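The sequence lines fix the lettering, A, B, ..., with proteins before strands; numbering per chain opens at 1. In this text the structure is predicted, and so the values were computed from the model without any measurement.
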Amino acid sequence: MASPARRAPSDSPDRPPEGKQILSADDIGRVLDRIAHQILEKTKGAPDTMLLGIPTRGVALAGRLADRIRRFADIEVPAGALDITLYRDDLRRNALRPLEPTDLPPSGVDDQRVILVDDVLYSGRTVRAALNALYDLGRPAQVQLAILVDRGHRELPIRADYVGKNIPTSRAESVAVHLTEYDGADAVTITGGAER
Amino acid sequence: MSTLIKGADLLGRGRADVLVRDGRVAEIGTLTAPAGAETVDADGLILLPGLVDLHTHLREPGREDAETVLTGTQAAAKGGYTAVCAMANSYPVADTAGVVEQVAALGRAAGYADVQPIGAVSIGLAGERLAELGAMADSAARVRIFSDDGHCVHDPRLMRRALEYVKTFGGLIAQHAEEPRLTEGAEMNEGAVSAELGLPGWPSVAEEAIVARDVLLAEYVGSRVHFCHISTARTVEIIREAKARGVDVTAEVCPHHLLLTDEAAHSYDPVFKVNPPLRTDRDVAALRAALAEGVVDAVATDHAPHAPQDKDCEWAAARPGMLGLETALSITVAALGGPEDCDWDTVAERTSRAPARIASLPGHGRDPEPGAEANLTLVDPSESWTVVPSELASLSQNTPYAGMELPVTVQATFLRGRATVLDGKLVEETE
Amino acid sequence: MKHLLTTKQLERDEAELILDLTGQMAEAVSGREVPKLPTLRGRTVVNLFYEDSTRTRTSFETAAKRLSADVVNFSAKTSSVNKGESLRDTALTLQAMGADAVVIRHPAAGAPQRLTEWVDGAVLNAGDGTHAHPTQALLDAYTMQRRLGGIEGRTVAIVGDILHSRVARSNIWLLAKLGANVRLVGPPTLLPNDIDAWPAEVSYDLDAALTDADAVMMLRVQRERMNDAFFPTTNEYARLFGLDERRLALMPDHAIVMHPGPMNRGMEIAARVADSPRATITEQVANGVWVRMAVLYLLLTNGASA
């Protein structure tokens with residue numbers, strides 16, 4: 001569908017990976033394996049649990065985690081999507097954001113353990129918006145957060161339960177997560193800012 | 001008191017000096033300034049007979065917040081005019097000898113242009129009973145043109161009587177041709193643009209039906225008739241045919257109908273709302289051709305000042321009309337081909353001589369010749385200017401040409417030898 | 001896009017974006033525990049209504065409130081058209097109050113466009129004279145999209161008083177832009193004089209116009225037209241241009257019947273037709289809220305309009 005202002009929601013526009021590579025495709029695979037195991041361990045086999053990815057790249061990551069959990073433990077954890085656009089606190093300042101679908105597993109979120117999944121954790125504002133969006137949909141029993149890259153600089157009292165990799169950054173830098181589903185290949189790169 | 005105009009272009013008679021003394025042209029030739037004479041350098045300028053406007057709304061008495069006789073005639077002088085005919089739709093209406101004499105007196109007191117009042121045809125412009133046309137004709141204001149302008153004299157019987165009655169004193173009925181039932185609620189030209197904008201249309205046939213009828217009436221009773229602000233291609237055809245048949249008919253066109261079209265209404269800016277409305281490209285082309293050819297006799301401004309609150313509003317709430325006096329000459333020249341290519345004698349004919357004849361103003365519309373009243377206008381054909389509403393002399397600013405660059409500037413205007421405008425600026429002291 | 005004044009000014013991709021957002025708004029809110037989004041919290045939407053229209057005003061109000069905007073209803077019984085406060089003065093008041101958006105319904109065509117010159121906020125045209133009613137056209141398009149599966153290539157007959165209809169004027173441009181074939185049907189007295197430039201065909205024969213139509217949109221006929229020689233009698237109008245059951249049967253089985261409301265039952269539309277399952281009239285009203293949410297979201301979250 002034509003959307004004049006559509007753009008990639010991560011820090012990087014659609015272009016081939018450039019800048020310094022932080023995680024390779026293999027690294028990303030290993031990191032996701034580890035997170036899947038941690039989820040199984042920490043939730044004791046993930047009963048009444050769902051993975052909700054935050055569009056765009058969080059949705060793909062949630063799907064990959066669900067696949068891994070199925071493969072490792074033969075446990076079905078439903079994966080869905082939670083669009084937070086209408087809950088953002090920067091709508092006034094930024095150009096129009098088209099909405100992404102919200103796609104909940106049939107069970108709904110009531111009394112479930114919801115694991116939010118996103119690619120990069122930075123200020124925490126996206127997670128704040130996701131929590132608000134989630135609680136307008138129902139009343140989960142517990143909410144956890146899984147993140148591929150934590151780059152620091154939190155502006156809210158939020159931390160992730162599952163972290164793929166901590167990457168210290170300066171605010172001038174940007175971290176770009178590339179996933180095969182959207183970008184043709186897996187990689188995490190860092191660009192801009194002072195020489196490291 | 002004398003003035004020597006040095007080296008002006010005298011329209012086909014070559015360059016010459018013109019000496020003006022005691023309100024009249026004294027001498028033409030290669031002259032040296034007599035002692036005490038002021039000299040005006042007219043090198044590269046064209047000397048026209050002073051412009052005459054058949055159709056001016058001065059708004060006084062009644063709407064002095066929009067224009068006064070003083071500010072209106074100052075605008076006239078800046079536009080090169082030495083005489084204006086003041087329309088009758090003031091408050092009170094100019095339908096009695098008293099009102100027309102007051103307007104004429106205000107004009108004399110202001111001193112920037114001769115103000116010739118036009119009398120109403122019907123009492124209160126109501127279209128029902130004839131006003132005292134004879135009393136106005138006999139008054140000190142010497143009224144010769146009668147018009148209900150703003151309203152059409154639509155009752156055919158009243159129109160017939162008026163056409164007949166004014167023969168007594170050589171009067172002339174100037175008709176605002178608009179069949180009222182066809183224009184009820186009308187806001188703009190009826191056509192593709194009105195259809196899109198959802199503004200009720202003013203069909204061209206509403207003008208043409210009245211023009212056709214009144215040509216027949218005038219022919220039938222043997223009177224002359226004049227049509228105000230004609231605006232459509234078909235009206236031109238009706239008048240062309242009537243003239244060919246020998247009917248004593250004259251017509252005027254407004255500058256805005258020679259330049260602008262109904263496309264301007266897309267802005268919904270009521271500065272473009274006028275009655276009759278702006279028409280189409282086809283009408284503009286036909287009116288320009290008719291003006292060049294002489295089917296249309298005169299350019300008349302329909303100068304219609306309005307206070308800000310009457311234009312700073314919704315289109316439907318706005319009063320119709322636009323300023324014209326200070327821009328008319330420029331637009332006429334543009335419509336006749338531009339300063340290089342237009343026939344300046346035609347410019348003089350349509351803006352001065354013909355309107356002076358139609359209005360029966362013997363002192364105006366005369367080319368400079370010894371003995372003639374020195375009502376003259378000096379025009380710079382090579383200097384263009386940009387219209388800035390706040391810089392206009394008119395009290396109001398409802399010009400549709402704001403920001404436009406127009407050709408030719410009026411450098412000086414002389415009313416019976418006295419400069420009302422010099423170097424393009426008003427001469428402030430009067431008498 | 002800073003304002004929404006007409007559908008003619010919309011680009012096709014903008015119109016499609018609004019329709020997409022409309023569906024997403026419906027999805028985002030429908031069946032939820034809290035049918036309300038925080039999106040426009042702290043923003044002020046003024047409903048400036050110079051004509052009584054409870055249905056349109058309420059629809060805008062509901063849409064704004066679902067997005068958590070503050071709503072101020074400013075109903076003006078008089079306007080400068082009938083000697084009340086001037087639109088400009090009212091606009092300056094709203095400007096001083098800090099309106100982020102003004103939803104205006106006004107009897108004078110072009111009033112919303114004039115308003116854009118006097119306020120900084122977004123202006124949404126909720127109907128101006130006989131000119132335009134863009135959100136009505138958008139909700140009609142959304143309804144058609146849902147019921148017909150799309151708009152491209154569909155044939156839509158718009159029937160009745162085209163001359164005085166802002167709904168028709170807005171639908172024609174939008175539908176044509178979205179690829180529909182638009183057919184105008186009505187007596188010549190109720191069609192504008194010069195519509196050669198409109199992207200629509202014209203017919204005076206309703207029966208013939210219906211046989212291949214995917215949707216028919218019946219326009220309300222104002223009672224006052226009767227006294228102004230547009231047509232002889234209501235009976236004759238209903239006979240020639242009313243949608244009754246016989247005519248409904250002429251249409252393809254999938255075809256839908258639309259009406260922007262309020263209806264004159266028995267005049268342009270027979271009561272049984274209005275109540276038939278093929279009529280989308282109440283659906284149109286429901287969709288109106290989603291469309292207006294989408295438009296408010298679009299205009300008020302755009303960086304440029306802040």
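- Under the side chain to side chain contact (heavy atoms under 4.5 Å, CB included) test applied with B/Glu314, the options C/Leu115, C/Asp128, C/Leu87 reduce to a single match, C/Leu87.
- Contacts with chain C were tallied for B/Pro270, B/Gly201, B/Ala318; B/Pro270 has the most, counting heavy-atom pairs under 4.5 Å.
- Counting heavy atoms of neighbouring residues, nucleotides and ligands inside a 6.0 Å radius, atom CG of C/Asp52 does not exceed 12 of them.
- Using a 4.5 Å cut-off on side-chain heavy atoms (C-beta onward), B/Asp269 and C/Gln113 make no contact.
- Counted within 6.0 Å of CZ on B/Arg282, heavy atoms from surrounding residues, nucleotides or ligands total 12 or fewer; the atom is thus considered open.
- Rounding to the nearest 0.5 angstrom, the gap separating the CD atom in B/Glu184 from the CG atom in C/Asp228 is 7.0 Å.
- The environment of CZ in B/Arg213 is crowded: more than 12 heavy-atom neighbours from other residues, nucleotides or ligands sit within 6.0 Å.
- Distance SG/B/Cys313 to CG/C/Asp89: 11.0 Å, rounded to 0.5 Å.
- Between B/Trp315 and C/Arg114, every side-chain heavy-atom pair lies at or beyond the 4.5 Å cut-off.
- Taking a cutoff of 4.0 Å between a charged side-chain nitrogen and a carboxylate oxygen, C/Arg169 and B/Glu196 do not qualify as a salt bridge.
- Annotation for B/Leu197 and C/Ala109: closest pair O-CB, 3.6 Å, computed over non-hydrogen atoms.
- Here OG of B/Ser267 is found 7.5 Å from CD of C/Glu117. Values are rounded to the nearest 0.5 Å.
- Rounding to the nearest 0.5 Å gives a distance of 8.5 Å between CG of C/Leu163 and OG of B/Ser194.
- For B/Gly191 against C/Asp194, the heavy-atom pair with the smallest separation is C-CB, 3.7 Å.
- Interface check for chain B: of the options C/Ser165, C/Pro192, C/Gly110, the most heavy-atom pairs under 4.5 Å are formed by C/Gly110.
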